[in-house]
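Take a look at the structure set out below.
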Amino acid sequence: MLLRPGLHGRRAAASVLHHSGREGLKSPATAKIRRSQAVWTCQTRSYSSLSTETANDAPLQVETDVTTVITTEEGATANAFSAHQLFRPSPTPLKYPHGHNTLLPLVLTSNNLVLPQDPWHVQEPLLVGSRTSTGGIAAQERVIPFLVSTHDPGEKPVGWLLPEVAAAISRDHLRHFQRDSASPWEVRYFEDGAGGGVAAAPTPGVGHVPHPRAQSVGGDYGAEVIQSVAFADWVNEGGRHARSLHVERLLLDWRRKKVFADLLKDWSDVPYPVFNHPKAYNSPEEPLAFAIESSALPIFGLPNYGALLIGHVYDPDTETTKLWIPRRSRTKKNSPGRLDVTVGGGIRLGDTPFDTILRESSEEALLESEYVIKYARSVGTLPFPHRQASSPLSNSLSTYPDPHRDHAPSSGPSGSNSYDHRLSTARNQSHYILPGLYFLYDIELPFDQSVLPQTNILDGEVQSFTLMDLEDVLLGLLEGKFKSSSAMAVVDWLIRHGHVTEENDTRFAEVCRHLRVDVGMPGIWRKRL
């Protein structure tokens, strides 16, 4: 294996000679190479004798024209993977294809969710919108905050409900009220409809008294007068288990009655966690608010937590980097046939982000767990404030009427990709909310492909894996070929590794800023020790 001449070779020689008593270089694909098994040959125009004493006692005097060769005592060339990790040239920013000079439109339309900034208890309707590729806001509609408790005015919502979802919860709340039983919900109403008045006074044991508008069975159950939805006090006293139980009971009832059927038909029996907002950095309260069926996350506008792994390969001969990019199966409901990160998946209840990476690496890419454990590294988190282009929810219940709004049909099919999706401005068409928070991991795979991701036909998630040049990856991003959340992770990878900079992206600062927009949703956290 040849190291580049000059300073890099000089430092490598000094390093191995100085650490003669240690194990030496490590390689992920070979056994450890010890000092006693290495033969170093240094060719120079003029140099002093290279000895252990020289390396330990005097500065190493070697001209810049140095070529270093490392071989094992058996004569085989040492694996180049590890040594080429020592010294690599600075990456060259990618050249954007003709007609493109920034990733900003992609970032804006992927991280497109614009949530209300007002407190949940404000006496006027709260609006959500979608950011367009030019930075404007389109497809605004009303949302109702979903909280764990409403006792604290400073409490932050854990989710956002579309009017039809709030109306369905109001219907369940009304049913309990009519039966004179304790409702698990605390539904607050505006006294004089949306935009004014104060919340009705609470009735002990049954939450807030339903607004008269909400008692018109067969209508919209007071969607336009609902201010907020939370769990009742007696449910909160039972903690996360009681909340989870009542959420599951409601979802099973909806599933049986085929309410929100387009989402609940994908019922997976896989619970996902919903977290409280920590009150302080050393908050003593319970992190987990409740658990919920994964397919129901967008119904409540709850954040989806996931973990994403990007595998890359560095070729020492060409000094280029490539990414292992899969194409999603065309049978997938979400973004079928689109490009993706190497490995990714949602974080299930009880799992850690790295548990998710290990599970998905094995299931989706057939990567050995031992290799992933040893070489995958955490590189931070990435928010994904996202709002889908169109929603199946609007077909489940009627939204509240507004005579000032048009009723043009939606322009995009459900499940379409978010990039340049030309959001419909039809005000009667809902766009469900599914914000995300993803834990990012990098892993380097050997350039000789002794370790590589492979399609698992039994899993059926991935159609194929391709080792893509970075230029092709960039083109795929700009042409909207990636799944939206994965596109943001790949953009983040290109920035972190120096392939997208202010030198080649004309709106680089804005790309970085919008790549990590904080929309105030709770993250994954642990209780203080």
Side-chain angles (χ1 to χ4, degrees), residues 146-149 157-162 165 168-169 172 184-185 229-232 235-278 285-308 332-334 343-364 381 383-384 386 388 392-393 396 432-439 459-461 485 521-527:
F146 180 50
L147 305 101
V148 173
S149 172
V158 295
W160 295 92
L161 309 176
L162 296 175
V165 178
I169 296 176
D172 186 71
W185 311 109
V229 175
F231 292 97
V235 174
N236 283 326
E237 289 175 1
R240 58 189 174 99
H241 297 293
R243 298 187 203 103
S244 302
L245 179 65
H246 286 285
V247 168
E248 183 182 29
R249 190 265 315 163
L250 180 64
L251 290 174
L252 289 173
D253 183 57
W254 286 348
R255 186 187 183 197
R256 179 175 59 84
K257 296 176 179 177
K258 299 189 183 304
V259 178
F260 310 130
D262 286 341
L263 288 174
L264 295 182
K265 70 179 180 181
D266 297 319
W267 193 281
S268 64
D269 280 324
V270 176
Y272 273 34
V274 178
F275 284 83
N276 288 305
H277 285 279
E285 73 265 18
E286 183 68 29
L288 191 63
F290 58 94
I292 188 172
E293 155 64 28
S294 61
S295 64
L297 287 172
I299 297 178
F300 291 85
L302 297 167
N304 174 42
Y305 305 107
L308 307 177
K332 294 277 290 182
K333 180 182 178 181
N334 183 17
V343 169
I347 300 175
R348 301 173 181 176
L349 181 67
D351 282 356
T352 66
F354 197 65
D355 290 337
T356 303
I357 290 297
L358 288 177
R359 182 187 70 244
E360 299 297 336
S361 295
S362 175
E363 293 178 0
E364 292 184 358
T381 61
F384 183 54
H386 184 66
Q388 191 68 20
L393 299 187
S396 301
Y432 72 78
I433 300 170
L434 186 59
L437 178 65
Y438 297 103
F439 290 76
D459 183 59
E461 298 284 329
S485 57
M521 302 302 288
I524 293 180
W525 59 285
R526 292 181 294 177
K527 196 172 182 179

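The model shown is predicted, which means the values in this text are computed figures rather than measured ones.
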> Taking it one step at a time, do Val148 and Asn236 satisfy side-chain contact (heavy atoms from CB on, under 4.5 Å)?
Replying inline: CA-CA 8 Å; Val148 173; Asn236 283 326; 3.6 Å; yes
> Looking only at heavy atoms, which two atoms of Leu288 and Pro273 are closest? And how far apart?
Replying inline: CD1-CB, 3.5 Å
>> I'd like to check Ile299 versus Leu162 (side-chain heavy atoms, cut-off strictly below 4.5 Å). Are they in contact?
In response: no
> Would you find a donor on one side and an acceptor on the other, under 3.5 Å apart, between the side chain of Arg243 and the backbone of Ala289?
Replying inline: yes
>> I need the minimum non-hydrogen distance between Pro303 and Met521, along with the two atoms involved.
In response: CD-CE, 3.6 Å
>> Contact between Phe300 and Ile292 at the side-chain level, heavy atoms closer than 4.5 Å - yes or no?
In response: yes
>> Would you say that Leu252 contacts Trp267 through its side chain, given a criterion of any heavy-atom pair below 4.5 Å between the two side chains?
In response: yes
>> For a 4.5 angstrom cut-off between non-hydrogen side-chain atoms, does Leu250 reach Ile169?
In response: yes
> Partners of Asp253 by salt bridge (Lys or Arg N to Asp or Glu O under 4.0 Å), sequence neighbours excluded?
Replying inline: Arg256, Lys257
> Quick one: salt bridge (Lys or Arg N to Asp or Glu O under 4.0 Å) partners of Arg255, sequence neighbours excluded?
Replying inline: none
> Would a 4.5 Å heavy-atom cut-off, applied to side chains only, mark Thr381 and Tyr438 as touching?
Replying inline: no
> Quick one: are Lys333 and Asp266 in side-chain contact, heavy atoms under 4.5 Å?
Replying inline: yes
> With no hydrogens and no angle check, is any side-chain donor or acceptor of Ser361 less than 3.5 Å from a backbone partner on Ile357?
Replying inline: yes
> Mind checking what makes side chain to side chain contact (heavy atoms under 4.5 Å, CB included) contact with Ala291, not counting sequence neighbours?
Replying inline: Ser244, Pro271, Leu349
> Listed by chain and number, what are the side chain to side chain contact (heavy atoms under 4.5 Å, CB included) partners of Ile524, not counting sequence neighbours?
Replying inline: Phe275, Tyr305, Ile347, Phe439
>> Just so I know, are the side chains of Trp160 and Leu302 near enough to count as touching, which here means a heavy-atom distance under 4.5 Å?
In response: no
> Okay, side chain of His277, backbone of Pro157: is any donor-acceptor separation there less than 3.5 Å?
Replying inline: yes
> Where is the tightest heavy-atom contact between Trp525 and Pro278, given as atom of each residue plus distance?
Replying inline: NE1-CD, 3.6 Å
> By salt bridge (Lys or Arg N to Asp or Glu O under 4.0 Å), which residues pair with Asp351, not counting sequence neighbours?
Replying inline: Arg359
> Looking at Phe146 versus Phe231, is the centre-to-centre ring distance below 6.0 Å?
Replying inline: yes
> Which value, rounded to the nearest 0.5 Å, describes the distance between Asn276 atom CG and Arg240 atom CZ?
Replying inline: 10.5 Å
> Who passes side chain to side chain contact (heavy atoms under 4.5 Å, CB included) against Asp459, sequence neighbours left out?
Replying inline: Glu363, Glu364, Asn456, Glu461
> Of all heavy-atom pairs between Leu437 and Gly523, which one has the smallest distance, and what is that distance?
Replying inline: CD2-CA, 3.8 Å
> Salt-bridged, Asp172 to Arg249, with N to O below 4.0 Å?
Replying inline: yes
> Which heavy-atom pair separates Glu293 from Val270 by the least distance, and what is that distance?
Replying inline: OE1-N, 3.5 Å
> Backbone N or O of Pro435 within a donor-acceptor pair of the Asn304 side chain at under 3.5 Å?
Replying inline: no
> Got a second to check how far Asn334's CG is from Ser485's OG, nearest 0.5 Å?
Replying inline: 7.5 Å
> So which heavy atom on Ser295 is nearest to which on Leu263, and how close?
Replying inline: CB-O, 3.7 Å
>> Between Ser294 and Ser268, do the side chains contain a donor N or O and an acceptor N or O under 3.5 Å apart?
In response: yes
